[in-house]
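Input: a single structure, listed below in structure tokens.
Note that ligands are numbered from 1 as they come in the structure, with each ligand's atoms numbered from 1 the same way. Heavy-atom basis, side chains included; hydrogens, waters and symmetry copies ignored.
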Amino acid sequence: MAEPKKKRSKTRSRRARHNKNTNPIGLVNCEKCAAQILPHQVCPHCGNYKGKTL
Ligand SMILES: [Zn+2]
């Protein structure tokens, strides 16, 4: 029978590594005011979207 040589901790598990660098909330920084905003939406702070102020 194939047995794992060492017991993997939760942080070493494949799933934990997979989501390591992803933001769970999915926020991005506004290019203009650097505020944390939702992607693909107009910034509520400065009204910036794709380099244009709406
Ligand atoms: Zn902004």
Side-chain angles (χ1 to χ4, degrees):
M1 271 285 227
E3 296 273 353
K5 284 174 184 164
K6 276 190 178 180
K7 189 177 182 178
R8 278 191 183 184
S9 66
K10 276 182 184 176
T11 50
R12 296 268 177 190
S13 72
R14 189 182 282 184
R15 193 192 276 178
R17 235 185 329 171
H18 180 74
N19 295 323
K20 193 183 171 187
N21 289 322
T22 52
N23 193 337
I25 313 161
L27 292 172
V28 295
N29 290 319
C30 173
E31 288 176 27
K32 211 173 181 185
C33 67
Q36 291 242 296
I37 54 166
L38 291 164
H40 312 292
Q41 284 185 34
V42 178
C43 175
H45 302 274
C46 65
N48 181 60
Y49 182 68
K50 286 194 174 183
K52 290 178 186 174
T53 306
L54 301 172

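Protein nitrogen, oxygen and sulfur atoms, that is N, O or S, within less than 2.8 Å of the Zn ion (ligand 1) amount to 4.
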Please report, to 0.1 Å, the donor-acceptor pairs under 3.5 Å made by any side chain of residues 24-33, with sequence neighbours excluded.
{"unit_1": "Asn29", "atom_1": "OD1", "unit_2": "Gln36", "atom_2": "NE2", "d": "3.1"}
{"unit_1": "Lys32", "atom_1": "NZ", "unit_2": "Thr53", "atom_2": "OG1", "d": "2.6"}

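The two residues Ile37 and Pro44 make their nearest non-hydrogen contact at CG2-CD, 3.6 Å.
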